[in-house]
Amino acid sequence: MVRLKNDDSAYVGRYLAVVADGMGGHAGGNVASASTVLDLVHLDSGTHDDEPLTVLADEIQAANSLLSELVTTSPQLSGMGTTVTALLLNGNRFAFAHIGDSRAYRLKNGVFEQISIDHTFVQRLIDEGRLRPDEAETHPHKNVLMRVLGDVDASPELDLATFEVEPGEKWLLCSDGLTAVLRDSDIETVLRETADLQRCVDILVELTLAGGSPDNVTVAVLEISEVSDDSVTPAEPAAPRLPSSGGSVLPPVVAQPAAAGATDSLAASEPGSGSDGDEADDELPARAELIRQDLSSRPHVLVGAASLATQTGQIPIVTKRSAERRAARTLTHKADPETEPAIEQPEPKQRRRWLVPAILALITVLLAAVLWVGYTWTQTRYYVGTADNKVAIYNGVSQSLGPIRLSDVTEQTDIPVDSLPEYQRNRVEGTIPAKDLLHAEQIVEDLRGTARVSGCGPDAPATPAAGSTPAPSASASDSPTAAAQAVDPAECGGAQ
């Protein structure tokens, strides 16, 4: 099967191997894979300023941002996406990053295993125990991806890991065109029994084509070997064979990467290349030449849509306004630290660890401000209540905030609460709100008058008339009490 457009891209160098499979059926799948691969090639170096795994993850996230930027200027590419499976060698360790359904396999110490996990709908069902692995091949949604690189997620979740490597172990990276046709056992057999890496790639691609692969097929095989820099004699990689299959052997430095293979013909034009008008079209050959010059400085294999971009001058890795900056950064990064002019690098994205503490501090300040404003408002309020069984004027409100009282006594009167009529006594005990201090004092005066009137009722004891004689039954001890509780008629308006 020969397809009109290859959505796969792959790069294998001394320290970097990456396979990307553009989302089939979506506009710009080839653009997404080529953009991502060409944006990562500058990582093909043995030294990095930061931890290699962090560098690899950050650069893939940056490539994702570039895809979003590309969609902004070329809306017809909306919905494009790509898988990414990448290895970055640093000393005796591999930094591994993965998203999508391209796969990574490892053959080490006689054990063959799949390292990557497919980010597909059926794999999620398998992980949840809702689907058996043998049912996945015939599931109607087996090709539905749950995670990809593209313009749909500003910060896609990557699977990241670091692996210790040993001489003799092999790694295989591939797009899903291979695993859609060949079983893992078939891949394992070829990888075990084929010592020559180029031949291994060719056999895998040929078996896939013979099986009627419905998709592009890209394969990269790497073998770790202890080889010093002095013992390496660089050789020119063989050109990929198109449209049927491709691959080339890459000479090693500290590890022996193998080949990348791709199938199917490549389209003669790429949408969304970032060109706009004759001026932009004139810049394309210069940008392509910049990429070719950088790639020629290191042994490598580049296949698929990314290869077409460098060969024809169609460069879908950048928009028009950022083409020169991104291409210069990507393609001349650490090519020759001794002679290379300094290129301004964008500062890496800082981890915003201060964000959470800052938000918490802001919330605390706002809460304190609200509480202070609320407390200040309560101090403008007044009410009449009781204190030590006397009528009193309070400043504040009658509620409490936990152990904190929101009021205090401003003025305590000499009016006993018990001297008030039951209705007024209940009002005072339940607190009587006042508009201000003057209003509270007026309420107290009204209560004072009520207390006097309540003492002049029918049950109030009368003061004996002048010259009268107490009743004989009154004891000496009762007379003072009666006299003390008597109410002066004058205070009730005078005797008539």
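Note that CD of Glu169 and CD of Glu164 are 9.5 Å apart. Values are rounded to the nearest 0.5 Å. Between the CD1 atom in Ile99 and the CG atom in Asp118 there is a gap of 12.5 Å [rounded to 0.5 Å]. The OG1 atom of Thr54 sits 12.0 Å away from the CG atom of Asp49 when rounded to the nearest 0.5 Å.
Of the N and O atoms on the side chains of Tyr383 and Arg381, not one donor lies less than 3.5 Å from an acceptor on the other residue.
The side-chain heavy atoms of Ile60 and Leu40, taken from C-beta on, include a pair separated by under 4.5 Å. Cys200 places a side-chain heavy atom less than 4.5 Å from the side chain of Val190. Taking 4.5 Å as the limit, some side-chain heavy atom of Ser35 sits within range of a side-chain heavy atom of Leu67. In this structure the side chain of Cys174 reaches within 4.5 angstrom of the side chain of Thr179, judged on heavy atoms. Between Asn109 and Glu166, the closest side-chain pair of non-hydrogen atoms falls below 4.5 Å. Asp8 is not listed as a side-chain neighbour of Val217, based on a closest heavy-atom distance of 4.5 Å or more.
The 12-atom threshold is not exceeded at CZ of Arg124, counting heavy atoms of other residues, nucleotides or ligands nearer than 6.0 Å.
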Apply ring-ring contact (aromatic ring centres under 6.0 Å, His included) to Phe94 and Phe163, showing your working. CA-CA 5 Å; Phe94 259 144; Phe163 297 93; 8.4 Å; no
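One finds no salt bridge joining Arg14 and Asp44 here, because no Lys/Arg side-chain nitrogen approaches an Asp/Glu carboxylate oxygen to under 4.0 Å.
Among Gln61, Arg147, His98, the single residue meeting the side-chain contact (heavy atoms from CB on, under 4.5 Å) criterion with Leu158 is Gln61.
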